[in-house]
Amino acid sequence: MIKSKTKEERQWLSDVAELGCICCRNMGLGASRAEIHHVRTGQGMAQRASHTEVLPLCPPHHRACYETGFHASPKSWQEIHGSEIELLEQTKQEVMELRACRV
Ligand SMILES: [Zn+2]
Ligand SMILES: [Zn+2]
């Protein structure tokens with residue numbers, strides 16, 4: 001049963017990436033090619049599998065070494081774009097909508 005879960009997680013990750021960068025879309029810049037950011041907020045209290053706790057971010061919004069990159073300054077980044085938790089909720093909803101369109 002571990003295998004089917006892995007497959008489900010992979011599908012989730014590919015669906016999230018397909019959405020495009022959540023920051024670019026929220027800023028009205030259109031969907032940029034996204035990579036996966038693993039959310040760390042709240043981990044430790046809940047020991048849940050973290051492969052679904054992910055956000056789609058383009059490289060500049062993810063790991064740019066200047067201030068637009070999440071990992072460069074997580075605090076000011078979240079002041080601009082919203083908290084990881086809020087964005088995570090949005091992402092989950094969007095994946096559901098994406099999947100609904102495929103049926
Ligand atoms: Zn972006
Ligand atoms: Zn990241």
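Remark: Gln93 CD to Glu89 CD distance equals 7.5 Å, nearest 0.5 Å. The structure places CD of Glu18 at 10.5 Å from CZ of Arg99, a figure rounded to the nearest 0.5 Å. Rounding to the nearest 0.5 Å gives a distance of 10.5 Å between CG of Leu57 and OG1 of Thr68. The distance from the CG atom of Asn26 to the CD1 atom of Ile80 is 13.0 Å, given to the nearest 0.5 Å.
Annotation for Arg63 and Glu35: closest pair NE-OE2, 2.7 Å, computed over non-hydrogen atoms. For the residue pair Ala34 and Ala17, the shortest heavy atom distance occurs at CB-O, 3.9 Å. Looking at every heavy atom in both residues, Leu88 comes nearest to Thr52 through CD1-O, 4.3 Å. Nearest heavy atom pair, residue Leu13 against residue Ile36, reads O-CD1, 3.6 Å. Taking each heavy atom of Ala64 and Ala72 in turn, the nearest pair found is O-CB, 3.4 Å. Taking all atoms of both residues into account, the shortest heavy-atom contact from Gly20 to Ala31 is CA-CB, 4.1 Å.
Proximity of Val16 to Leu55: side-chain heavy atoms (C-beta onward) are nowhere separated by under 4.5 Å. Using a 4.5 Å heavy-atom threshold, the side chains of Cys23 and His62 count as separate. Taking the side chain as every heavy atom from C-beta outward, Gln90 and Leu87 approach each other to under 4.5 Å. Side-chain contact between His38 and His51 is present, with at least one heavy-atom pair separated by less than 4.5 Å.
Alongside Leu29, the hydrophobic cluster contains Met27 (criterion: ILVMFWY side chains under 4.5 Å).
Screening residues 79-103 for ring-ring contact (aromatic ring centres under 6.0 Å, His included) gives His61-His81, Trp77-His81 as the qualifying pairs, with residues at least two apart or on separate chains.
Using bins of under 30°, 30° to 60° and over 60° for the plane-to-plane angle, the ring pair His37/Phe70 lands in the tilted bin.
The number of heavy atoms from other shown groups lying within 6.0 Å of CZ (Arg33) does not exceed 12.
Proximity of a side-chain donor or acceptor of Arg25 to a complementary backbone N or O of Leu19 within less than 3.5 Å is detected.
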